[in-house]
Amino acid sequence: MVNIYYKVVNEKVMRNCIFHIPYKISKNGTGARMVRPRKMIQAFRDIGYDVFVIEGCSEERQIQIRSLEQQIRSGWKFEFMYSESSTMPTILTDPDHLPRHPFMDFSFFKYIQSCGIPIGLFYADIYWKFADYGARLPWWKRSAALLCYQYDLREYDKYLSKFYGPNIRILQYLENDKLSAIYSNLLPGADNLKCPMKCYANRNFEKEPLQILYVGGLGNQYQIAELVKAVASLQECELVLCCRKTEWEKTEPALKANMSSRIHVVHKSGDELEPLYKKADICSLMFEKSEYRNMAIPFKTFEYLAHEKPILATEETAGGELVRRLGIGWSITNSEEAIRTAIEGILSSPSQLTEKQMASRLAKKENLWTTRARQVARDLA
């Protein structure tokens, strides 16, 4: 007899879990803070969970929390709750950033813990720990935000069974023994796309230049001047820079002197990226090294991996370490000379592209979104 607390869908027993996030998930949002929760929710469903989602503004979450509590009181069983933090303090995530329900989310965490349901949380960002955080904010707003971030950490300390992050190095900034003891990495995942292998045996790069693609931000933590200079100095490769129009307008003056006719700037997102990926031979994660880059792997890394594209990445960064460890590209110094040398080596020995593409195909199988969901389920359920 099927347990009455589980749903049966298409003759398959569906187990129950809770997904909590303190903001509205846009169905069409393309940034990591929108894409990641959508992918994780679907991944939990794909591995057999019926997911009760709590998301939205504080008023919406309040209604959803009451509904969930009613379900629990009526006998529903949930194996675990998985939450993702905002890049803002939890109590300031409403669109106007006013703390309308400052105790609601963590009172809910306390209730879930009291029901014997383990809680895991992915901590999205620790940029607030760096000196330049809030540089444009009035001092009092910055100070208030920092206090709210600290409040989040104190509450996590009380209620979490598992604390996830993008890199173990974040623990040295958080300085919390409890969270350190229950920490595990939980990287983004890759979609299980079907990608044809490209053939490079007879590629004539003079007639069909090597295609390098960069998708992502510009400025601040995304300084790509060395890549631009390297490509401009070569004849047998082209670079496509895909970024937001507003970011390009701010960055163009700094890059303009090194641009060439082989460097193309486009502003696309979502499904519009597919033709760019299809044409690309290599994708880029070449940035200036920084303390922040030493911990944060760009979200697009796993989109590159999903498309099985070899990656050029800066050594001694989190992204570069991943590329080196998985053997899915080249981890090199972020300088015009080093990038040019790497590209010239690829042009003279294109079999490298086939080797790296095959390594990407194998690595993708071990880094799918469903892999991440199973990790959480093993940890918590």
Side-chain angles (χ1 to χ4, degrees), residues 30 32 35-36 38-39 42-43 46-47 187-216 227 231 234-243 262-286 297-313 319-320 322-332 339 342-373:
T30 57
V35 175
R36 181 180 177 118
R38 291 203 306 263
K39 296 292 186 181
Q42 186 57 52
D46 289 343
I47 66 171
L187 296 173
D191 288 325
N192 194 17
L193 304 178
K194 293 184 179 180
C195 304
M197 290 289 292
K198 279 194 171 187
C199 180
Y200 294 99
N202 300 311
R203 178 77 167 264
N204 185 334
F205 290 109
E206 290 183 0
K207 294 183 179 180
E208 190 181 354
L210 181 75
Q211 298 293 314
I212 303 173
L213 173 64
Y214 171 70
V215 182
L227 172 67
V231 172
L234 296 168
Q235 296 297 319
E236 297 179 338
C237 72
E238 295 183 351
L239 171 64
V240 174
L241 296 179
C242 183
C243 60
R262 293 184 305 284
I263 301 174
H264 315 284
V265 179
V266 299
H267 312 298
K268 298 182 183 298
S269 62
D271 292 340
E272 296 175 325
L273 296 174
E274 292 308 308
L276 303 182
Y277 278 119
K278 185 176 181 180
K279 189 176 181 180
D281 299 308
I282 295 173
C283 288
S284 175
L285 292 177
M286 297 304 305
I297 296 178
F299 192 78
K300 287 295 179 183
T301 306
F302 290 87
E303 191 170 292
Y304 294 168
L305 184 62
H307 289 86
E308 299 175 7
K309 297 301 177 181
I311 299 172
L312 278 174
L322 181 74
V323 167
R324 177 190 56 77
R325 178 168 57 83
L326 297 180
I328 58 176
W330 302 266
S331 183
I332 60 177
I339 298 169
I343 294 173
E344 288 173 340
I346 294 166
L347 293 170
S348 63
S349 179
S351 62
Q352 294 181 63
L353 291 168
T354 303
E355 294 170 3
K356 300 300 184 184
Q357 187 179 1
M358 182 58 71
S360 297
R361 174 165 291 189
L362 296 173
K364 180 172 74 174
K365 294 178 180 179
E366 303 299 323
N367 290 277
L368 300 173
W369 284 108
T370 49
T371 308
R372 307 300 184 232

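What you see is a predicted model; the values in this text were computed from it and never measured.
Residues Q235 and R262 form a side-chain contact, since some pair of their non-hydrogen atoms from C-beta on lies under 4.5 Å apart. For the pair K39 and D191, the minimum side-chain heavy-atom distance is below 4.5 Å. Within the 4.5 Å cutoff, side-chain heavy atoms of N367 are placed close to those of R372. Using a 4.5 Å heavy-atom cutoff, the side chains of I297 and L187 are in contact. A 4.5 Å side-chain heavy-atom check between L285 and Y304 finds at least one atom pair inside the cut-off. Counting only heavy atoms from C-beta outward, the side chains of E236 and L210 never approach each other to under 4.5 Å. Looking only at side-chain heavy atoms (C-beta outward), H267 and C243 come within less than 4.5 Å of each other. Side-chain contact between R36 and P188 is present, with at least one heavy-atom pair separated by less than 4.5 Å.
Closest of all the heavy-atom pairs between S360 and L305 is O-CD1, 3.5 Å. Contact detail for D281 and P209: the closest heavy-atom pair is OD2-O, 4.0 Å. Annotation for A342 and L312: closest pair CB-CD2, 4.3 Å, computed over non-hydrogen atoms. Of all non-hydrogen atoms in G320 and S331, the two that sit nearest each other are O-OG, 3.4 Å. For the pair P310 and Q357, the tightest heavy-atom approach, listed with the atom from each and the gap, is CG-N, 3.9 Å. In terms of heavy-atom proximity, V323 sits nearest to W330 at CG1-N, 3.7 Å.
Between atom NZ of residue K278 and atom NE2 of residue H307 there is a gap of 11.5 Å, rounded to the nearest 0.5 Å. How far CD of E274 is from NZ of K268: 12.5 Å, rounded to the nearest 0.5 Å. In this structure, CZ in F299 is found 10.5 Å from OG1 in T30, a value given to the nearest 0.5 Å. With rounding to the nearest 0.5 angstrom, the CD atom of E308 is 11.0 Å from the CD1 atom of I328. Atom CG in L326 sits 10.5 Å away from atom CG in L362 (nearest 0.5 Å). Of the inter-residue distances, the one linking L347 atom CG with F205 atom CZ reads 5.5 Å to the nearest 0.5 angstrom.
Shown here are the ring-ring contact (aromatic ring centres under 6.0 Å, His included) partners of F302, two or more places apart in sequence or in another chain: there are none. With sequence neighbours excluded, the residues forming a side chain to side chain donor-acceptor pair (under 3.5 Å) with E303 are Y277, K300, listed by chain and number.
Tested against I339, the residues I212, V231, L227 include a single side chain to side chain contact (heavy atoms under 4.5 Å, CB included) partner, L227. No option in R203, K198, K279 other than R203 meets the salt bridge (charged side-chain N to carboxylate O under 4.0 Å, His left out) test with E208.
For CG of D271, the number of neighbouring non-hydrogen atoms (other residues, nucleotides, ligands) closer than 6.0 Å is 12 at most.
A donor-acceptor contact shorter than 3.5 Å links the side chain of Q352 to the backbone of G345.
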Check step by step if side chain to side chain contact (heavy atoms under 4.5 Å, CB included) holds for M286 and I332. CA-CA 9 Å; M286 297 304 305; I332 60 177; 3.8 Å; yes
